[in-house]
Amino acid sequence: MLSIVGADRAQNQQGQCHHLCEYFQLEQRCKEIMQNKCHVVRVSIFNQLFYFMAPMIEGQGVLRLPIQEGQKWTPVDLQDVIEAFVQLSKRGQQPRGVAFGLEAAKELYQFTPTQVRPINELTREIAQGLDRGELRYETASKEQTRKWLQQMRDDNRFRHRPDNKAESRRDRPFTFPLGRYLNDEMIDTILEVWQLANDGQMDIVTNDLKQVLGKEPQDIKQYFKSNRQQFRDLR
């Protein structure tokens with residue numbers, strides 16, 4: 001089952017993280033139905049979400065998220081996650097495993113970066129990757145962020161995927177986010193993850209993604225460096 005990193009911690013948010021709580025409840029139900037043979041893979045939010053922030057970053061020289069400076073949150077690369085699922089599926093073709101061929105019967109994978117950074121440090125990494133002289137960070141309210149994402153959902157820049165040929169670690173067109181999939185429920189879920197981060201609950205680090213890939217996941221600076229021109233095109 002695919003879930004979201006932090007779903008288990010949402011239970012302590014006094015009803016503020018409805019969607020994440022539902023993910024955790026589904027995890028528990030899956031385990032009950034499959035008699036603990038259900039393997040859960042929780043993933044962090046993807047780097048590719050930042051494309052929706054590109055007009056802000058490149059056009060205004062600022063990154064605004066509903067996370068206070070000093071609180072930790074770091075996303076992961078969607079392409080790394082896809083590659084990890086391919087590796088797990090290959091193991092599933094072997095006779096020793098069950099779901100995903102997890103030979104050690106691991107019930108939970110959490111695909112996180114190998115290091116979770118404070119949001120102000122994350123902003124500096126993004127600026128360096130984009131080769132920007134300066135990128136300011138400002139804390140936004142949840143409603144300001146919701147309004148921005150809704151605005152980007154209807155923006156013409158996110159109606160179609162770019163027609164580019166991928167090179168090396170550059171994003172493939174299919175990983176580019178389209179506005180039509182950024183529905184209200186998705187926006188609410190993203191905001192819940194950032195609420196957890198703002199409450200100091202997203203400092204979750206595992207080596208699961210690294211171990212499945214057999215290499216270091218792409219870090220945030222390299223991700224933005226590899227996709228620098230695509231972000232500039234969204235100015």
Side-chain angles (χ1 to χ4, degrees), residues 4-6 10 13 15-20 23 43-78 113 116-162 171 173-202 220-221 223-224 227-235:
I4 299 176
V5 169
Q13 295 299 303
Q16 297 183 56
C17 297
H18 171 72
H19 294 86
L20 290 179
Y23 271 100
V43 299
S44 298
I45 286 181
F46 304 129
N47 295 344
Q48 284 75 6
L49 176 66
F50 277 108
Y51 281 118
F52 289 124
M53 303 298 176
M56 179 192 299
I57 293 171
E58 292 290 351
Q60 304 174 27
V62 63
L63 173 62
R64 299 186 186 95
L65 296 176
I67 304 172
Q68 295 289 334
E69 287 193 45
Q71 297 291 17
K72 295 182 177 182
W73 173 73
T74 303
V76 294
D77 180 19
L78 174 58
V116 178
R117 303 178 184 277
I119 193 67
N120 46 319
E121 184 178 331
L122 181 71
T123 303
R124 286 196 297 270
E125 294 284 306
I126 292 172
Q128 291 171 12
L130 293 174
D131 195 26
R132 293 188 59 90
E134 181 183 3
L135 178 62
R136 302 191 319 276
Y137 179 76
E138 296 177 2
T139 303
S141 69
K142 287 176 65 175
E143 288 309 311
Q144 287 173 326
T145 308
R146 185 193 308 278
K147 184 177 179 180
W148 175 268
L149 292 174
Q150 290 173 339
Q151 180 182 337
M152 291 300 100
R153 175 175 62 194
D154 299 325
D155 193 291
N156 286 333
R157 286 168 286 193
F158 299 101
R159 291 189 182 277
H160 305 285
R161 292 193 168 98
D171 270 332
F174 69 84
T175 63
F176 184 83
L178 295 179
R180 64 175 174 266
Y181 299 121
L182 193 63
N183 56 44
D184 288 340
E185 289 74 18
M186 177 62 69
I187 291 174
D188 286 342
T189 304
I190 293 168
L191 290 173
E192 288 177 9
V193 171
W194 286 337
Q195 176 67 52
L196 285 179
N198 198 45
D199 292 340
Q201 295 296 309
M202 288 301 292
I220 196 74
K221 183 193 296 186
Y223 173 79
F224 276 88
N227 295 284
R228 185 181 295 165
Q229 189 57 51
Q230 296 199 110
F231 277 87
R232 290 176 178 172
D233 290 344
L234 293 168
R235 186 188 306 260

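Hydrogens, waters and symmetry mates play no part in the numbers below; they use all other heavy atoms, side chains included. This one's a predicted model, so the numbers in the text were calculated from it and none came from an experiment.
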Check: E192 and H18 side chains under 4.5 Å, non-hydrogen atoms: yes
Non-hydrogen side-chain atoms of I190 and I45 separated by less than 4.5 Å: yes
Gap between atom CE of M152 and atom CE of M56 - 0.5 Å precision: 7.5 Å
Salt bridge (charged side-chain N to carboxylate O under 4.0 Å, His left out) involving E69 - partner list, sequence neighbours excluded: none
Side chain to side chain contact (heavy atoms under 4.5 Å, CB included) against Q16, all qualifying residues, sequence neighbours excluded: Q13, Q195
Nearest atoms (heavy-atom pairs only) where L135 meets I57: CD1-CG2, 3.8 Å
For the student: nearest non-hydrogen atoms of I119 and G70, plus distance: CG2-N, 4.0 Å
Inter-residue atom distance D184.CG - L191.CG, 0.5 Å rounding: 10.5 Å
Nearest-0.5 Å distance that lies between atom CG in N183 and atom CG in L149: 11.5 Å
E121: partners by salt bridge (charged side-chain N to carboxylate O under 4.0 Å, His left out), with sequence neighbours left out: R117
Pairing residues for D233 by the salt bridge (charged side-chain N to carboxylate O under 4.0 Å, His left out) criterion, not counting sequence neighbours: none
Criterion side-chain contact (heavy atoms from CB on, under 4.5 Å) on M202 and V116, from CA distance to verdict: CA-CA 8 Å; M202 288 301 292; V116 178; 5.9 Å; no
With F158 via ring-ring contact (aromatic ring centres under 6.0 Å, His included) - residues at least two apart: F52, F176
L65 vs E138 side-chain heavy atoms within contact, under 4.5 Å: no
N-O pairing of D188 and R146 below 4.0 Å: yes
Separation between NZ of K221 and CD1 of I126, rounded to the nearest 0.5 Å: 12.0 Å
Side chain proximity check, D77 to D171, heavy atoms < 4.5 angstrom: yes
With R161 via salt bridge (charged side-chain N to carboxylate O under 4.0 Å, His left out) - residues at least two apart: none
Q128 versus R132, side-chain donor and acceptor atoms under 3.5 Å: no
By side chain to side chain donor-acceptor pair (under 3.5 Å) - contacts of D155 (at least two apart): R157
Residues in side chain to side chain contact (heavy atoms under 4.5 Å, CB included) contact with Q144, at least two apart in sequence or another chain: A140, S141
Test side chain to side chain contact (heavy atoms under 4.5 Å, CB included) applied to Y137 and V62, L122, L63, the passing residue: L63
Interatomic spacing from OG1 in T189 to NE2 in H19 - rounded to 0.5 Å: 4.5 Å
Q71: side chain to side chain contact (heavy atoms under 4.5 Å, CB included) partners, not counting sequence neighbours: I67, Q68, N198
For W148, ring-ring contact (aromatic ring centres under 6.0 Å, His included) partners two or more places apart: none
Results of ring-ring contact (aromatic ring centres under 6.0 Å, His included) for F224 - residues two or more places apart only: F50, F231
Residues in side chain to side chain contact (heavy atoms under 4.5 Å, CB included) contact with R235, at least two apart in sequence or another chain: E58, R232
